[in-house]
J.: 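Take this structure, written in structure tokens, and hold onto it; I'll ask about it next.
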2 protein chains.
Amino acid sequence: MAKDRKIDAVILGLLSHEDLTGYEIKKRIDGAIGFFWKGSFGNIYPALNDMEKQGLVEKSGGDKSSGREKFFYHITKKGSDALNDWIADEHAVNELKYETLLKIYFGGAADSSVSVRNIEVFEEQARQNLSILNVFKENLEKVLDTGDHLHYYLTVTFGIETYEAYLRWCDKAKKILSK
Amino acid sequence: MAKDRKIDAVILGLLSHEDLTGYEIKKRIDGAIGFFWKGSFGNIYPALNDMEKQGLVEKSGGDKSSGREKFFYHITKKGSDALNDWIADEHAVNELKYETLLKIYFGGAADSSVSVRNIEVFEEQARQNLSILNVFKENLEKVLDTGDHLHYYLTVTFGIETYEAYLRWCDKAKKILSK
DNA sequence: AATTAGATATATCTAATTGATATATCTATA
DNA sequence: TATAGATATATCAATTAGATATATCTAATT
């Protein structure tokens, strides 16, 4: 089943813009792309090691003389080619994993106030995420024509469109349950 | 970290309606709840074994005399209590894992036709899922007042609302990219 | 100046999930 | 009768998730 490791592509994508340490890669993943993809030290560091062996990235630094031990990773031509192949490959795994929906689905036996409460918690999360994404969107719109942020902008508008849909559903669902 | 195994709750939820075999549990997960949760034999069978040891479910059958070896699982009082505790617990992990968005996010270096193609593939998936959910919805609306299908109906409307949002985003994103 | 809290940084470990594979039986159809 | 496809249990390797261990750097507090 080997070579289904998506974290490799994420790392290569991030390194295609700038050299980064493992720690910085984690921060990037938690940031802009965190709402549609996750990463952890537990898969980032092993992936960096493997990809170095495969010649997809190059490791540098680590000289303790200049302060803290720190390794920067740089994408190679081979890594860049692998990244482009992955982007151009039409196959993509898209999946939702929503525990809230499970609780709604199985919530029929319990009192409906329990489901309403679960929806309210979900609604609050969606509202917060939406307001963060709206800030991103406003900032991006200021620089859209100058820089290279169009694709980032598209993922942000995706998030906004879906969180708005969630909030509409929350309203309707709460009304249905309170009847 | 133990006891974070969500598949347990899914199985208990399914068993709260009827006794099932592991194979049937897999089919149920692939069906109605498949668009917001996944399961595999690789976690269903081990979970059933563990839960039997914990007294959350009871195993019966397996007598090869009456045809194929087949084990039915039945939820216990303890299992039913565990299910209710989980439903009433406000904490829920909700996460998107959308490889298409990764490809869009990192697609800035490639030709924009590549991103358009990725969006088209995504759009086709969304369109198909939406039409399936609309069939579910129509069938459910016929029996909504009679049976116990309200909570199922709510998860279906969630899916419809979000897939419609995806399609709106696809339209907008393609327009932006073709400019 | 010394202490401390929090961020930076690498790395590993366990548990859980995913997806494939192995094995075998039943059922409908060609 | 053969065989393809569905039913059924079970396990394995690869990947992911989340926590933890260790240590250094930095800025604020005492």
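Below, chain A is the first sequence line, B the second, and so on; all start at residue 1. Values below: every heavy atom of this structure, side chains too, minus hydrogens, waters and symmetry copies.
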J.: Just the rounded figure in Å: distance from C1' of dA17(D) to CZ of Arg5(B).
T.: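 Rounding to the nearest Å, CZ of Arg5(B) and C1' of dA17(D) are 15 Å apart.
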
J.: Aromatic contact between Phe136(A) and Tyr153(A), with the criterion being ring centroids under 6.0 Å apart: yes or no?
T.: no

J.: Defining pairs by Watson-Crick or G-U wobble geometry with both distances under 3.5 Å, how would you list the stems of DNA chain D with at least three pairs each?
T.: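 DNA chain D forms these stems: C:1-30 with D:1-30.
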
J.: With a 4.0 Å limit, can you tell me whether Thr21(A) has a side-chain N or O closer than that to the phosphate oxygens OP1/OP2 of dT10(C)?
T.: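 The answer is yes; a side-chain N or O of Thr21(A) sits under 4.0 Å from OP1 or OP2.
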
J.: My understanding is that only residues two or more places apart in sequence, or in another chain, count here; which of them pass side-chain contact (heavy atoms from CB on, under 4.5 Å) with Asn139(B)?
T.: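 Only Val135(B), Lys142(B) meet the side-chain contact (heavy atoms from CB on, under 4.5 Å) criterion with Asn139(B).
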
J.: Hey, which of these two, Val93(B) or Gly22(B), hits DNA chain D nearer its 5' end, going by closest nucleotide?
T.: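 First, find each residue's nearest nucleotide; the 5'-ward one identifies Gly22(B).
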
J.: In terms of side-chain heavy atoms of Phe41(A), which of dA19(D), dA8(D), dT17(C) is nearest?
T.: dA19(D)

J.: Can you check whether Ile75(A) reaches Leu56(A) side chain to side chain, under 4.5 Å on heavy atoms?
T.: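 A side-chain contact is absent here, since even the closest heavy-atom pair is not under 4.5 Å.
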
J.: List the residues meeting side-chain contact (heavy atoms from CB on, under 4.5 Å) with Ala47(A), not counting sequence neighbours, and say none if there are none.
T.: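 Scan of Ala47(A) (side-chain contact (heavy atoms from CB on, under 4.5 Å), adjacent residues dropped) gives Arg5(A), Ile7(A), Asp8(A), Ile11(A).
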
J.: Can you identify which nucleotide, out of dA17(D), dT10(C), dT7(D), has its nearest atom closest to the Phe71(A) side chain?
T.: dT10(C)

J.: In whole angstroms, how far is the P atom of dG19(C) from the OH atom of Tyr45(B)?
T.: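 My rounded result for the distance is 18 Å.
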
J.: At under 4.0 Å between heavy atoms, what does Lys26(B) touch on the DNA or RNA strands: base, sugar-phosphate, or nothing?
T.: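 Nothing, no heavy atom under 4.0 Å.
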
J.: For Tyr23(A), check ring-ring contact (aromatic ring centres under 6.0 Å, His included) against everything at least two apart and list the hits.
T.: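 Per chain and number, Tyr23(A) pairs via ring-ring contact (aromatic ring centres under 6.0 Å, His included) with no residue.
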
J.: Given dT18(C), dT11(D), dT10(C), which nucleotide is nearest the side-chain atoms of Ser40(B)?
T.: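 Among the listed nucleotides, the one closest to the side chain of Ser40(B) is dT18(C).
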
J.: For the pair made of NZ in Lys38(B) and C1' in dA16(C), what is the distance, rounded to whole Å?
T.: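 Rounding to the nearest Å, NZ of Lys38(B) and C1' of dA16(C) are 16 Å apart.
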
J.: Can you name the residues that form a salt bridge (Lys or Arg N to Asp or Glu O under 4.0 Å) with Lys38(A), not counting sequence neighbours?
T.: none

J.: In whole angstrom, what separates Tyr23(A)'s OH from dA9(C)'s P?
T.: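 The answer, rounded to whole Å, is 7 Å.
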
J.: Can you find a side chain N or O atom of Lys70(A) that sits less than 4.0 Å from OP1 or OP2 on dA9(C)?
T.: yes

J.: Test of understanding: with ring-ring contact (aromatic ring centres under 6.0 Å, His included), list the residues that count as partners of Phe106(A), not counting sequence neighbours.
T.: none

J.: If you pin Lys6(A) and Phe72(B) to their nearest nucleotides in DNA chain D, which one's is more 5'?
T.: Phe72(B)

